Each structure stands twice: as C-alpha cells, then as structure tokens.
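Throughout, numbering of the chain's residues begins at 1 and tracks the sequence. Predicted, not measured: the structure shown is a model, and the values here were computed from it.
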Amino acid sequence: MDDENDEDFLPPPNLCTFSIPKEPDLLVEYELYRPSMGTRRLHSERNRGVYSEAFIEHERLGTLADLSVRALAKLGTRHIAPLVKQDPMKLRIHYDSLDVNLPLEECYFVEDVRFWRRVVLAKSSDKTLQFKKIDDCDWRGMGISLKYVELVEACPAAYWPEQQMAELGQLVRNYVRTLHIKHLQSLDDHFFTHYVVSEPELDASSAESAGIVVSSDESDTPVEEEEEAEEEEEIIVIPKLKLKRETVRILDKEVRISLPDRSTKNESVTETEDIKPSVGKQSRISIWTTDVEGQKRRDARHARNAARQQLRDLDREKKEEHERRKQRRALLRAPPPPPPKQKKKKKKAAPEKPITGAFNIPVDPEPDDGQAKIVDIRNKEKLLNRIKRYDYPAKHCHHIDLSFVRYFDMLNSLTIEFLGPEMDLRYHKRHMNFSHEDMVHLADGVRTLKQLKTFRLRNSRMDSMKLLIIVRALKQLDALEVVDFGYDQLKDNCNVALEILLERKVMLKRLELEYNKLSRVTVGSIGYALRCHADNDKNGTTLQYLGLANNPLGELGLSFLFHNIMGTSHLVELNINGVEADASGIARDVGNLLRNHAPLRRLDMASIKLNPVAGRSIIRGLETNHKIIHFECRGCDLSPDQEYEADVIIRRNNYSLHHPYLGDTKQTETSLLGYLSSLRHPIVAKIEAENARRAECIRNRPLKSSSELSVNEEEILEEIPQEQELDIWQTLAPQQQTTPKKSFTKFSALSMGSTQLPFVFNPNSFDEHEIREHLYMPGPQNRHYYFERQLEN
C-alpha cells in the first residue's frame, strides 16, 4: 500500500464517470458542490460514478419534495395541488419557482407579493425599486402594468388585436393604476413605398407636367383705352406747374379723372372741356396726381401681363421638350427590325446513341415562361432621387390605436414617450415621428379616464396642432393635477392650446414645460390665463408649480409672466433654470417678483448668464423676502460672497419657519416658555413617535373572533353530564375528604382574543404526550460519535 500511487485510484482521463445534470438549477448546484479532487482520490471512492450527497439535505436546493413542487410550478399556477396549499413552506417554494415571464392571462390572479416584486425588478428600468421594502409599493399593480405594456410595445404598428387586448384589459383593469409606454413599434419601411411611388413631381413622366395653368391677361379699363386711342389727337402741357417728369393729357371734349376712393373705385368726375387759364393750383395738382397713379397702375398691369407671357413661353418650351422626349422614347421602344432569314442547312440526323446509364438519357429543356426576359425599365436614377427626396413626414408615420387606454378606467397616472422601438445603431427619423391620427386616438381614450391625476407626454416631436388635440381632451378631466410636456420641441405658437388647458374650474397643481422652445407669446398667454383664473375664482385652487427651464423666454417673456402672476395666489414653485434672456432684465424682473409675490416659496434659476452687478440686485430683493425657503442660483456667474449671502438668507427663512414665535408681537413670555418646554431632541422625538405609533397600532388591531373551543374546554363540558348521573353505591359509600386539585384551564389563542382574558402560560401543565408532539428533536448531526459516547457512558 505504501508504494501505491494516489493517481491509480482516479479513472482514466478519457472516461466520463461523473453524471452532470442538465437542469439549470441542478447545474448551478453541481458546480458549487461537486466533489473535490481530494475526495475523488480516496480509496473508498475509487469506483463511484455519482456523488448524490451534494444534492441531499441542502437548504438551497431542497429535498425531493421541494423539487417536485418546483416541477409542478412550471405546469401552471391556476390549479395548485392541495398538499402544496396546506403547507406554507411548500406554497412559498411554489411562488418562488414561478417564472417572471409567464403570460399575463396565466398569472394576473396570483396574490403573492414577492412574486410580483420579482417581476417588477426584472422588467423595470428603475434601479431604485430594489431598495424599497415589500410594503412600500403596490408590487402587484406595477407588475401587471409592466406585463401589459410589454405586450403593447411588442405589437406591430400595422396590426392591433383589438378583441384580445380588450378582453385582457377587462381582466386586469381593477389592478392597473399606472401605465408607462416608451417604445412603440413603428411602421416598416415597405409601408411607405406607395408614398414614394405616387409622389408628384415636375418631370416628363408626371401627369401634372402637361401644362401650367396661367391666368389670362388683364385688359385695360374703358377710360384708359379711350385715352390711348385719342392720345395722339391733342396734348397740352401746362407750363405753370413746374413738372419735371409727368404731364397732363387733355381731351377735346371732356376730361375724366379717376378719384382714389376706397368705397367707389370706378367713380369718375367729369369736368368741362374748356379749361380756363384761371384754374386753381390745387385742381391742377390733383389732375397731375391722378394721372401719375393711373400710369403706375398701367405699368403694374403691363408687368403682370409680361410675367404671364413668360410663363406661357416656359410652358410651351416644356411641352416641346416633352414631345421630343416622347418621340425619343418611342424610337427607343420600337422593336428592332427582324433579322434577314437565313437559309437553314440541312443536317444529317445523328445516329441515336445507346442509353448506357441514367446520366445519358436525353432530356428536353423546360419551356420558357418569359420571366427571365422581364427587365425593370424604370428610370433608376429618378427613382433614387425620389426616394432620397421623401422625408417621411409625420402625417404618414402611424402607430397602433392608442385609444386602448380607455380599458383602464381606474388609471391614476399615464406616461407616454414616442421614442420608437429599440433601435441601437439602426436610427431613423420615421421611428420618432407620429401622426395627428395617433393624437386623435389618444385623446379619445384619455377623455374617458375620469380618475386620471397625472398625464405625461415627454420626449416626443409635438407641434401646436397635436398639442391642441390632446389639450381639448385633458380639459374635460376635473381630477387632473399634473401635466408634463417636457422635451417635446414645442414652439412659440402653442399659446392657444395652453390657454385652453388653463381655462379650468379646478386648476392644475403642476405644469411642466421644460426643455422646449417657448418664448414671449406663449409665456405671456400662460400668465394671462392665470390672471383670468385668479380674477374669476379668487378662492379656487391654484397652480403650485410651473416649469419653464431651458426655454428661450427672453426679457419680455419673463416680464409679461411676472406682471400677470403678481397679486395672485398662483406659483408657489417656479423653475426658470437655463432660460435665455438679458442679464439686466432678469435681475430687474426677479427682484420685483421676490419683493411683490407673497405665495412664492421655491425659486430655481441656475445656469443663467448673469454678472455680479445683476446678482446684487437679486440679493437685495431676496433679503426682503422672509417666506422663500429654497433658492437655487448656481452657475449664474455670481461672486462667492453673493452665493454665501443667499444661502444665509435661506437659512434665516427656514429657521423662522420652524420657530414661528420669532417676530410675533402677540407672543407672551408664558407662551414662549411653554413652547420651549415642548421641544425635544430629534432622537427622543423619533423614539416617542415610534412608541406612539406602536401603541396606536396595538389599540386598533382587529380581534381574532372564532367559535372554536379548545380541547380542554370541550373535555370540561363533557365531564359535567357524567357527574350529574346518580350512582347509589357511591352515595352509600363512606365519604372521604379529598383535597381539591387545582385545575389549569388553557385558553386557545383564538378564544383569548375573543374574550379579552390575559394570557397565562404554565409549562408544568403539559403532559409527556403533548411535549413529544410539539417539541422538535432532530437529534445530533453526527450520530456515529453520539452513539459511541453513549456506549462509553
């Protein structure tokens, strides 16, 4: 044995004696618990092929019963085995074994919260959800929403299964509270082919190139024709008027002068033919002015007629070119002349060769079907230019019918982003566009969501018409609180839509318009709408937050907005980070706002090009405001001293907010002492609040009511009728004095909760059978040494 080598016990290298499992779970466990090289070199293990102890009594892998539960979980969740339902541990293993990619119709009824938490963490892009506890979120509603949105985003734009999605939406409508749609599928490229082929263009092959419609020439008026006809008869020049360039033409019989009157364009004034030398200077000037205006009209008319003639010449040349091209194409398309027939030489018939094999059998060729001779005769260069010229307009880029949101009438939050499918490196602008029909369908669905509180349409290519369509639907929702149109490329022509949005009985709480292209007109309309709402309903709800960050507002835009909101109860929070405006104008308007707008509590104006001079004006206005508790001015080119001074002012306001007795002249010394005595250290206050919360929870917890009696109570009730039976021999027997035994009545947990009796635990009241029944005694793990120790003792 000493000369033996350890390697002799190992099997040959080319012999596979270890059974490697194929299941994923078992394979992971095998890699972790596979036998080591030292174990395999043992003499007792030389002939083993399978090491099963790696899978026995392991807490992660489980027993054979646990593996069976996992296998049953893969068959479905609608019908769970009774043995699994009765055992909580087995039921826990069942839900932990469910796949997160199960179809929604097969798992929407699952009530296990941990399963839905796994679904949310696997499918959500929000990585902060993993830090939330099991009771912090509605995991089931979020998981069902993510699964439904996954089906919506996977649906092609050309086909929307209306009936199937409606039935599924009806099943899950009670659980869905939020929807966040980001990556809708767009139309494939071949759906735009007919737009490219049917694009009208001015070329020889287009039907519209046959001719250009040109209006007829404008004819002269009768007065002008008469003047031109008699122009050569008599021309009298009035020398008294020092005219440089113009003359007055006088007819033989009468002179007609056209007056430039707007109401009577064709009226004429007739004067006598004899013009005396005593004609006043004013009348002669009016005659000269009228003739100059008539000459200008004639020159303009002649110019327009010349332009029309030029268009006619271009049209004629184009027609001639078109005819030349037709003749050229006709010549090219004309079949070539048939070649002269050649006399066929008679060939001697070759002797047939004998068939010696399968490859020597003569086979006739297939008849010609003409497909090989079909050639694409289109002008490929022209077609390529047309394809390049097609810009994929938004009106052609349709998506699925977004009115499906009407299925979820209990929806509270709806977020839609037209980011297109997952493109990676295959970017194309048609994926990002969406049509007006998509907005119409979305508006039809949103109009029915009466419980909707938050609506976000972000990262989309919006315009004024699309915004107007969706705003008309949002105006009808009285429960709406938050509207977000950030990153939507909105321009300054959206004033009408935003005015309609703010004409509400119940005002919004937040309006977010960050990162758009809004300017003076739109911002002025927002301020005017808020002013009108404040004047019409002084005690109504107010707009708490307005986000205008990174918009080219300009000096006039800020001035109009601040002028309209001052004196109202709107705008507790204002965000104007990164706006484009003049430094002096911003300093003047912001300082005025800080001094005169009392409801303002938070102001963000970071990343604005200012200077220390403008910063000093803002700091002066901030110093007079004792209510604002947040002021952000980083990146505004202020001096460090000014930023520090602003921070000190904000700290002062926050301290005044937490100590309301400061500056209050109505407070007495007794009230101040009482207030100071009620102050607590933050840690002590937290402990007291936690104790109070626990006491409130215990006081309001539901009682466990049950009509079941404990086993001991049933035994006592059964003994009572036995004692009432009369036994004559027991009555005649001598009575012995017996000491009464103390009876310990055990109340079950259910009866104790219902009778409100204190719980008393007496360990000596349990007998040996009850101890053995309820006590878990697995025994020592290493039984060999245990029995050896017992034998030694």
Partner residues of Tyr175 under the ring pair (Phe, Tyr, Trp, His ring centres under 6.0 Å) criterion, sequence neighbours left out: none

Partner residues of Tyr655 under the ring pair (Phe, Tyr, Trp, His ring centres under 6.0 Å) criterion, sequence neighbours left out: His659

Under-4.0 Å salt bridge between Arg693 and Glu690: yes

Using the ring of each side chain (for Trp, its six-membered ring), is [X] parallel, tilted or perpendicular to [Y], with breaks at 30° and 60°?
X	Y	value
His399	Phe418	perpendicular
Tyr390	Tyr195	parallel
Phe404	Tyr148	tilted

All salt bridge (charged side-chain N to carboxylate O under 4.0 Å, His left out) counterparts of Glu514, not counting sequence neighbours: none

Set of salt bridge (charged side-chain N to carboxylate O under 4.0 Å, His left out) partners for Asp535, sequence neighbours left out: none

Value rounded to 0.5 Å, distance of CD in Gln170 from CE in Met165: 13.5 Å

Separation between CZ of Arg461 and SG of Cys397, rounded to the nearest 0.5 Å: 9.0 Å

Sub-4.5 Å side-chain heavy-atom contact between Lys132 and Trp139: yes

Could you give the side-chain donor-acceptor pairs of residues 448-457 under 3.5 Å, partners two or more places apart or in another chain?
unit_1 : atom_1 : unit_2 : atom_2 : d
Thr448 : OG1    : Gly445 : O      : 2.8
Arg456 : NH1    : Asp484 : OD2    : 3.0
Arg456 : NH1    : Glu512 : OE1    : 3.2

Exercise: do His570 and Thr542 side chains pair donor with acceptor under 3.5 Å: no

Output field: ring centroids His428/Tyr392 closer than 6.0 Å: yes

Side chain to side chain donor-acceptor pair (under 3.5 Å) partners of residues 555-564, not counting sequence neighbours, each pair once: Glu555-Arg588

